[in-house]
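Notes follow the structure.
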Amino acid sequence: MSECTRADVCAAAIADAFADDGEIFASPMGLLPMLGVRLAKLTANPDLVISDGESLFLAGVPPLFAKADVVEGWIPFRRVFDVVANGPRHVMMGATQVDRHGNQNISAIGDFAKPTRQLLGSRGAPGNTVNNRTSYWVPRHSPRVFVERVDVVSGVGPARAREAGPAAARFNDIHRIVSNLGVFDVRGPDDTLRLLSVHPGVTVDEVLEASGCAIHVDADTATTREPTLEELVLIREVLDPKGLRFKEVPQ
Ligand code: F8G
């Protein structure tokens, strides 16, 4: 088995973000999140409930983008909203920007009155972040993604959720931010970004230089674990034999 790649490390880090969730609905948005969630279901958390991202709960764990062979239930978008409101869900979204208070933006770049770039719109982010455990995946860590203040708040971080009142703060749970350089949470001082681990081969200074905002660093920062041999076999031979993950993390 050849050395593990950064993409493999990211997949295992994302799997770890879902490892302790138990029997809840995992909603991974994007390729590496989908890979990590399926890896978690095949290893640390077999109770995780997964879907094809469109309308079907899956009983098995098919490779990325393969047709589901065993279907367990019906989960079109309108029913996803029922699960969102009810709570037992962990969503991993993308983040065009994320700020040091854990707010996320997938809506627009620039001044709100006249944005320079229109992105996806906030989509499910506001409802997700006040109802469900929410994590973010950032495939290209850079100062324009990790910013002091997001241009538009799509996903709400802990401080803003508290400002909005107890109903918004009660279930706000920004769990992990996994980037191609490291793993973060929002348990730094005053609920700000904290570096939990750097991926193998990455230094803390590299992470800080690649970030446009302050990030809290504990005295001893861990190194993100490498995937086990079992996980590498699952990633390479079962879930992503075509190497689609290298489109997002080309290492
Ligand atoms: C930037 C930056 C930056 C990009 N700073 N500029 C520039 C400055 C870049 C380009 C231009 C475009 C529950 C639920 C839902 C549902 C359920 C309910 C959700 C029903 C489903 C449907 C719904 C939300 C899911 C995500 C988002 C995942 C992404 C990104 C992308 C690419 C990574 C794929 N920092 N960045 N620019 N959605 N997507 O130079 O300029 O902007 O750049 O939960 O929906 O409604 O509710 O982004 O942009 O999680 O993360 O979108 O938009 O394609 O092309 O990179 O080149 O044009 O000059 P992109 P990109 P230029 S949950």
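Atom set for the values below is all heavy atoms of this structure, side chains included, hydrogens, waters and symmetry mates excluded. Numbers for residues simply follow the sequence, beginning at 1. In each ligand, atom 1 is the first atom listed, and ligand 1 is the first ligand listed.
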Per atom 11 (C) of ligand 1, closest listed option by heavy atom (Arg140, Arg117, Arg78): Arg117

Residues Arg6, Glu248: salt bridge by 4.0 Å N-O rule: no

Shortest protein heavy-atom distance from atom 14 (C) of ligand 1, along with the residue and atom involved: Arg89 NH2, 3.5 Å

Option nearest atom 63 (S) of ligand 1 (shortest heavy-atom distance, choices Val98, Thr96, Asn128): Asn128

Distance flag for atom 46 (O) of ligand 1, protein heavy atom under 4.0 Å: yes

Per-residue contact class, Met93 against ligand 1 - non-hydrogen pairs under 4.0 Å: both

Closest to atom 29 (C) of ligand 1 (judged by heavy-atom distance), picking from Pro33, Gly124, Gly94: Gly94

4.0 Å protein heavy-atom contact status of atom 36 (N) of ligand 1, strictly under: yes

Ion pair check, Arg176 and Asp16, cut-off under 4.0 Å: no

Atom 33 (C) of ligand 1 touched by protein heavy atom at under 4.0 Å: no

Donor-acceptor pair between His199 and Thr224 side chains, under 3.5 angstrom: yes

Side-chain H-bond candidate by donor/acceptor type, His90 with Ser135, under 3.5 Å: yes

Closest protein heavy atom (residue, atom, distance) for atom 9 (C) of ligand 1: Arg144 NH2, 3.6 Å

Ligand-side contact atoms (ligand 1) for residue partner Phe81, heavy atom cut-off under 4.0 Å: 18 (C), 20 (C)

Leu31 with Met93, same ILVMFWY side-chain cluster at under 4.5 Å: no

For Phe77, the ligand 1 atoms whose distance to one of its heavy atoms is below 4.0 Å: 20 (C), 21 (C), 22 (C)

Within-cutoff protein neighbour (heavy atom, under 4.0 Å) for atom 18 (C) of ligand 1: yes

Ring centres under 6.0 angstrom apart (Phe184, His141): yes

Arg236 and Asp8: CA distance, side-chain angles, deciding distance, salt bridge (Lys or Arg N to Asp or Glu O under 4.0 Å) verdict: CA-CA 9 Å; Arg236 294 171 182 185; Asp8 299 330; 2.9 Å; yes

Residue, atom name and distance, where the atom is the protein heavy atom closest to atom 52 (O) of ligand 1: Leu120 CD1, 3.5 Å

Sub-4.0 Å protein heavy atom next to atom 57 (O) of ligand 1: no

Proximity to ligand 1 by part of Thr116, non-hydrogen separation under 4.0 Å: neither

Carboxylate-amine/guanidinium contact Asp191 Arg162, below 4.0 Å: yes

From Ser51 atom OG to Leu58 atom CG, the distance as rounded to the nearest 0.5 Å: 6.5 Å

Side-chain heavy-atom pair Arg89, Arg133 within 4.5 angstrom cut-off: no

Glu248 to ligand 1, any heavy atom closer than 4.0 Å: no

Heavy atom of protein inside 4.0 Å of atom 25 (C) of ligand 1, strictly below: yes

Nearest-neighbour protein heavy atom for atom 53 (O) of ligand 1, which is reported as residue plus atom name and distance: Leu119 CD2, 3.8 Å

Any non-hydrogen protein atom less than 4.0 Å away from atom 39 (N) of ligand 1: yes

Carboxylate-amine/guanidinium proximity below 4.0 Å for Asp47 and Lys41: no

Pair Arg149 + Asp99: basic N to acidic O under 4.0 Å: no

